[in-house]
Amino acid sequence: MSYKVIVAGGGLIGTSIAYYLAKSGAEVTLIDSKDIASGTSGSCDRAIMIQSKKPGPTLDLAIKSAALYQDLEEELEVDLEYRKSGGMIIIETKEELKVIKDMVALQQKSGVDVRLISGDEARKRQPGLSEDLLASTWWEHDAEVNPLKVSFAMASAARRLGAVIKLGSPVRNLMTEKNRVIGVETSEEELYADAVVVAAGVWTPQLLKPLGVDVPIIPRQGQILVSERLPPLLRTGILSASYITNKLRKGASREAADPFGVGLAIGQTHSGSLLIGGSRQFVGYNTETNPEVTQKIGEVAVRAFPQLAKVRIIRTFTGLRPYTADAKPILGAVQGMDGIYIAAGHEGDGVALAPITGKIMAQIVCGEEPEKDMRAFSLSRFKQ
Amino acid sequence: MNDMIICRCEGVCLSEVLDAVEDGANSVPGIKKRVRVGMGYCQGRVCQPIVRDILESKLGNGTKPHLQRAQNPVRPVILGDIVR
Ligand SMILES: Cc1cc2nc3c(=O)[nH]c(=O)nc-3n(C[C@H](O)[C@H](O)[C@H](O)COP(=O)(O)OP(=O)(O)OC[C@H]3O[C@@H](n4cnc5c(N)ncnc54)[C@H](O)[C@@H]3O)c2cc1C
Ligand code: FES
C-alpha cells in the first residue's frame, strides 16, 4: 500500500510539494479552498533572484532551487517563460553603496560571484537607466519565470503522476487522534491520510491554531503596477538598493520613515508588460490597492528610468507575502505531533524557492534524509 | 466554432477558455490566470461578461460566477501623470 499524503494549499509551494511527492510514489491529494494560484502565487512578480537573498541558509536553499529551475521546463514539458536574464541591484546613494558592498562581499563568500559595476557600465548593460545612478550590482545567473505557469504546470504534472486535485474545497479542520493528525475535514468530506502538509501561505496559522500550534506568519502586502505591452525594453531583472533594505527590515521598526516600504522591483513579462513594484506593508489581510502607494512606486520607477514617465499603466494589484520575523520560511514537521508538516512563510522568495521546497518537503514527508540540514527552518526556532 | 476569438486584446479563443474550465477553473480570475483572457489593454471590459456566461453555462449550478474586482486605475493612465 502506498503512502497517502494530503497537501492543503495549491500555490507555488503546495503544487511543487504535490509534484515531488507524486514523483516519489506517494498517493497525493492536493486541496485548495479556491483554485490553483488563487492566493499570493497569483499576484506576485517573477524573479528567481539569488543575489537578493540574505547570505546564510536561505541563500543556500535559493542556489539549489535555481539549479532545479534550469531543467524544469524540460522535466515538466511546459514553457514556463524561464529566462536567465541576469539581475541588477541599482544604487542611488553613498549609504546604499556601503550596505550593498557588504552584502556583495558576503554573497561572494557564499560562492555567488556578484560584481559591483559603475553607473556607466550599468547604463551600458541596461539602456535607459538614469544618469544619476551611482553604481549597480550585476549577476548574470539571476533568472525569471512565470509563476502562474509554474503553479499550473506543477499541478498538472502531479495529476499526470496520479495525484487527485480538489479545488473550491476549503480545509475546515485538521482531524486528530491523540497526538497525530489523521486527515482533514473539507467543506464536503472527511479525508484520511498518513500525513498532511499545510502549504497555505498567509492562511497557514488559521489551520494550525485549533491544534494549539502557533505559526508566526503574518501577511505583508505588496503592490505592483502593470503597464501596457511595450517592445522589449528591460533586459534584466532590476531591484533598487532600497528594495533590499526594506525587505531585510524587521517588523514595524523604522517603518515611520517610509510607511509603505517602497523599493523598486521591475521587469518585463513575456507579453511585453512591465511589472513595476513594489511596496511592503503590514495591513492585515487587506488586498485593496492604494493610490498613494501607486504614486510612490511610480516615483521611484521614473527616477530610475526617466523614460517610463511616458508609459501607460493598465492596472495595479496587490498580493500578501507570507512574512516571518527572521525572513526564513517554516519547513518541516511540527514538534510533539505526528503526521503534520508545514511549508509556508516564504515572504518575497516563494517563486525562487518553490522547486527546492517541494523537493525537500517530499524527502522529509517520505521519511528520507533531506538533502540539506533543515534545522534553521524548523517551527521550533521561534520558541526560544 | 471553437476557435472564435473571445478576448481580442490577448487573442484568446473559445477553445482555450473551455480548456481552462476543463482544467478546473471555477471563476473568471481562474480562467484569466490560465489563459490570459481579460489581462489585456481593456482589462476585460469587453471579454469578461462573455467569459462569465461561458463559465456559468459550464458550471451550471445557477450561481453567477464573480467578475474580477475592478482594479485601479479604471482607465489606462500615463505614469508621468500619476507621479505629478
Ligand atoms: C507583490 C509580490 C511580489 C512578489 N515577487 C516575488 C518574486 O519576484 N520572486 C519570488 O521569489 N517571490 C515573490 N513573491 C513571493 C511569492 O509570491 C510568495 O512567497 C509565494 O507565492 C507563496 O506561495 P504559497 O504557495 O506559500 O502561498 P499561496 O500562493 O498564497 O498559496 C496558498 C494557497 O492555500 C490556499 N488555502 C488557504 N487556506 C486554505 C484552506 N483552509 N484549505 C485549502 N486551501 C487553502 C489558498 O487558496 C492559496 O491558493 C512576491 C509576492 C508578492 C506579494
Ligand atoms: S478583450 Fe479581453 S482584455 Fe480586452
Side-chain angles (χ1 to χ4, degrees), chain A residues 10 30 32 34-38 41-43 146-149 151-152 155-156 159 165-169 223-229 269-274 276 287-303 305-318, chain B residues 7-12 16-48 51-52 55-56 58-84:
Chain A
L30 174 65
D32 198 284
K34 292 184 181 156
D35 193 357
I36 302 298
S38 60
S41 305
S43 9
N146 181 334
L148 289 171
K149 293 211 160 178
S151 306
F152 287 113
S156 301
R159 187 154 45 195
I165 299 179
K166 294 177 184 262
L167 304 175
S169 166
Q223 187 170 318
I224 292 184
L225 282 51
V226 185
S227 83
E228 62 191 321
R229 289 179 175 211
T269 70
H270 230 56
S271 70
S273 286
L274 301 178
I276 312 173
T287 54
E288 293 288 316
T289 57
N290 177 346
E292 216 178 323
V293 176
T294 305
Q295 185 186 339
K296 291 269 184 307
I297 293 172
E299 279 167 15
V300 293
V302 172
R303 202 167 68 217
F305 278 97
Q307 73 195 73
L308 294 188
K310 284 180 270 164
V311 160
R312 274 192 181 73
I313 300 301
I314 60 170
R315 79 185 164 110
T316 57
F317 67 84
T318 68
Chain B
C7 174
R8 286 172 54 167
C9 295
E10 292 291 321
V12 185
E16 294 171 81
V17 173
L18 295 175
D19 286 348
V21 179
E22 186 68 23
D23 187 58
N26 49 26
S27 65
V28 175
I31 297 181
K32 167 175 159 178
K33 287 188 171 125
R34 284 173 177 82
V35 295
R36 296 194 57 83
V37 74
M39 279 204 192
Y41 191 79
C42 87
Q43 284 297 294
R45 254 179 293 279
V46 177
C47 60
Q48 263 205 61
V51 172
R52 182 172 59 172
L55 187 60
E56 214 178 351
K58 283 285 154 192
L59 296 179
N61 51 11
T63 53
K64 265 229 183 291
H66 290 295
L67 284 185
Q68 79 176 14
R69 187 170 67 198
Q71 282 159 317
N72 278 324
V74 175
R75 300 250 179 275
V77 282
I78 307 255
L79 193 54
D81 292 342
I82 299 179
V83 171
R84 226 173 288 127

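On a predicted model such as this, the values are computed, not experimentally measured, just so you know. Chain letters run A, B, ... following the sequence lines, proteins first, then strands; residues in each count from 1.
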Problem - Evaluation steps, side chain to side chain contact (heavy atoms under 4.5 Å, CB included), between B:Asp23 and A:Arg159 - result: CA-CA 11 Å; B:Asp23 187 58; A:Arg159 187 154 45 195; 2.7 Å; yes

Exercise for the section: For side chain to side chain contact (heavy atoms under 4.5 Å, CB included), just list the numbers for A:Lys149 and B:Arg34, CA-CA rounded to whole Å, side-chain angles, deciding distance to a tenth of an Å, and then say yes or no. Expected result: CA-CA 8 Å; A:Lys149 293 211 160 178; B:Arg34 284 173 177 82; over 6 Å; no

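When all heavy atoms are compared, the tightest approach of A:Leu167 to B:Gly24 is CD1-O, 3.7 Å. Pairing each heavy atom of A:Asp35 with each of B:Gly30, the nearest pair is OD2-CA, 3.4 Å. The nearest pair of heavy atoms linking A:Ile313 to B:Ile82 is CG1-CD1, 4.1 Å. Considering all non-hydrogen atoms of both residues, B:Lys33 and A:Phe152 come closest at O-CE1, 3.6 Å. Minimum heavy-atom separation, A:Ala309 to B:Ile78: O-CG2, 3.0 Å. Residues B:Pro76 and A:Arg312 approach most closely at CB-CD, 4.0 Å, considering heavy atoms.
Residue A:Lys34 touches chain B through its backbone alone, counting heavy-atom pairs closer than 4.5 Å. For a residue to count as touching a neighbouring chain, one of its non-hydrogen atoms must lie under 4.5 Å from one of that chain's; by this rule B:Arg36 touches chain A with the side chain only. With a 4.5 angstrom heavy-atom cutoff, A:Ser151 does not touch chain B via any of its atoms. Proximity to chain B is absent for every atom of A:Ser227, based on heavy atoms less than 4.5 angstrom apart. Residue contact with chain B, scored on non-hydrogen atoms closer than 4.5 Å, is absent for A:Ile297. For chain B, the nearby parts of A:Leu308 are the backbone and the side chain; heavy atoms of each come within less than 4.5 Å.
Ion pairing of A:Lys310 with B:Asp81 is absent here, as no side-chain N (NZ or NE/NH1/NH2) approaches a carboxylate O to less than 4.0 Å.
The line from SG of B:Cys9 to CD of A:Glu228 is 12.0 Å long, rounded to the nearest 0.5 Å. Taking OG of A:Ser271 as the start and CE of B:Met39 as the end, the distance is 8.5 Å to the nearest 0.5 Å.
When the candidates B:Cys42, B:Gly80, B:Ala25 are compared by the number of heavy-atom contacts under 4.5 Å with chain A, B:Gly80 comes out ahead.
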